[in-house]
Amino acid sequence: MDGTKRRVFLAYMEGPLADWEHSFLPVVRHWLARQNCYPFEYTDSPRDADIIVILEANSFKTEKYIATLLANPLLKEFSNKCFTINYEDAPSGFLPGLYTCLPRVKNNALRHRSWAYVFRTNADVTLRRRSWTSSPRLLFSFRGSPNSHPIRKRLFACKFKSPYAFSVTQVDKWFNHNEEERADYIDEILDSSFCLCPRGVGPGTIRLFEIMAAGRCPVILSDDWVPIPGIDWNSCAIRIPESALESIPEALTSRILDSPILGAAALRYWKKLFSPENMFGESLNQLMQIAGSRSAGYNEKDYQKLWQSRAFYKLNGWTLEQRVSRKLATLRSQWACFSSGLVSRH
């Protein structure tokens, strides 16, 4: 950038928002008003803005969402300036912008950037890390629910063997952990040389950034996850294919002497890109890079026409054949359960 302040207009996409999502605009406006190290400033005029940032609600969206998008006045009048911050578990990739969970098959490098969760500052992890003095006792650990993706059930089913201590703990809760459980989760991360980071409902997970904030090395178990740009992931993380879960102890044992270096690099990247003081500025930098990569004469409305194409519908599982196939699979599953119940009663 040339030092000129870029004007930013902030907006919500129509739809239900969680209470804490409503705080997004005021928080970013406050950040823009007080920061000096990033070339951005807030404007309350979308016409005067260089970039319009739209927060999309974290809700599952179908093809019916297309009508909502096409009716949006900002997308109608200023489509080339509109970008999204999207942290859905199963996004379609309608708008250009930042996505935490856009799978590889839907990712278009000219439109999309894989990114972190802008709302979570990892404050608890940061405070605990600063007071932690012990060396990690565990080779690796994972603590989480088995229900968000089959890879997690496979992970819990693995019969790991290792000369080093490790911990794989099933937790049957979903966003309803108490303070003691949250503290145990953080302490286990800090007590581990490596922390397993399997995908959940989406290919991305907040766990990745909590591990980085703790200064530990994440072990990414998500084939569909698209790496975030600007990070040398080989220097701060380990990726293991979903098909190779059984190899985890051997793979990590061979890298145990590297774990302090990998963890320190992960923490440096987290501070540079995802810490509270830098997260919004770096997010806006990423959006400006997308805008700057466009060719002369680019027209976002040309892409909007693709939303209603068969190819886009098929990519998102919306075609009639796909819906019928899913319905039949559900009926077969229900019938199998019913038949099994009849057999067991006799």
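- The minimum heavy-atom distance between S162 and P249, with the atom names listed, is CB-CB, 4.0 Å.
- Within a 6.0 Å radius of OH in Y164, no more than 12 heavy atoms belonging to other residues, nucleotides or ligands are found.
- Here the shortest heavy-atom pairing between P218 and I211 reads N-CG2, 3.7 Å.
- The neighbour count for K314 NZ, taken as heavy atoms of other residues, nucleotides or ligands under 6.0 Å away, does not exceed 12.
- Under a cutoff of 6.0 Å and an axis angle of 45°, R29 and Y42 form a cation-pi pair.
- Checking side-chain atoms of N278 against main-chain N and O of K271 turns up a donor-acceptor pair under 3.5 Å.
- Ion pairing between a basic and an acidic side chain is recognised when a charged N comes within 4.0 Å of a carboxylate O; E300 and K76 show no such pairing.
- The existence of a salt bridge linking D50 and K81 is excluded, since no basic side-chain nitrogen approaches an acidic carboxylate oxygen closer than 4.0 Å.
- Heavy atoms from other residues, nucleotides or ligands lying under 6.0 Å from CD of E180 number 12 at most.
- Remark: R216 fails to qualify as a cation-pi partner of F194 under the 6.0 Å distance and 45° angle criteria applied to the six-membered ring.
- Using a distance-only test at 3.5 Å, with no hydrogens or angles considered, a donor-acceptor pair links the side chain of S114 to the main chain of V226.
- By the 4.0 Å N-to-carboxylate-O rule, E246 lies too far from K161 to be salt-bridged with it.
- The minimum heavy-atom distance linking E88 with C101 is given by the pair O-CB, 3.1 Å.
- Environment of CD in E41: crowded, with over 12 heavy atoms of neighbouring residues, nucleotides or ligands closer than 6.0 Å.
- A distance-only check finds a donor-acceptor pair linking the side chain of R152 to the backbone of S145 [under 3.5 Å].
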Worked check of ring-ring contact (aromatic ring centres under 6.0 Å, His included) between W115 and F274: CA-CA 9 Å; W115 199 240; F274 310 130; 5.3 Å; yes
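- Here R182 pairs with E210 in a salt bridge; the nearest charged N to carboxylate O distance falls below 4.0 Å.
- Applying the ring pair (Phe, Tyr, Trp, His ring centres under 6.0 Å) definition to pairs two or more places apart or across chains, those involving residues 129-149 are F140-F160, F140-F166, F142-F156.
- Using a 4.0 Å cut-off between charged nitrogen and carboxylate oxygen, R47 and E77 count as a salt-bridge pair.
- Residues I54 and Y12 share a closest heavy-atom pair of CG2-C, 3.9 Å.
- A donor-acceptor contact under 3.5 angstrom links the side chains of T169 and S167, judged on distance only.
- Note on R104 versus D224: no salt bridge recorded, every NZ/NE/NH1/NH2 to OD/OE distance being 4.0 Å or above.
- Between the side chain of R113 and the main chain of Q286, no donor-acceptor pair closer than 3.5 Å is present.
- With contacts defined as side-chain heavy-atom distances shorter than 4.5 Å, the pair E56/L95 qualifies.
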ring-ring contact (aromatic ring centres under 6.0 Å, His included) between W307 and F94, intermediate numbers included: CA-CA 7 Å; W307 293 344; F94 287 105; 5.4 Å; yes
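- Nearest heavy-atom pair, L190 versus P136, reported as atom, atom and distance to 0.1 Å: O-CG, 4.1 Å.
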Verdict with supporting geometry, Y38 and W31, ring-ring contact (aromatic ring centres under 6.0 Å, His included): CA-CA 10 Å; Y38 287 96; W31 181 88; 5.6 Å; yes
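- Judged purely by atom type and a 3.5 angstrom limit, N316 uses its side chain to pair as donor or acceptor with the backbone of F312.
- Contact detail for E14 and P73: the closest heavy-atom pair is OE2-CD, 4.0 Å.
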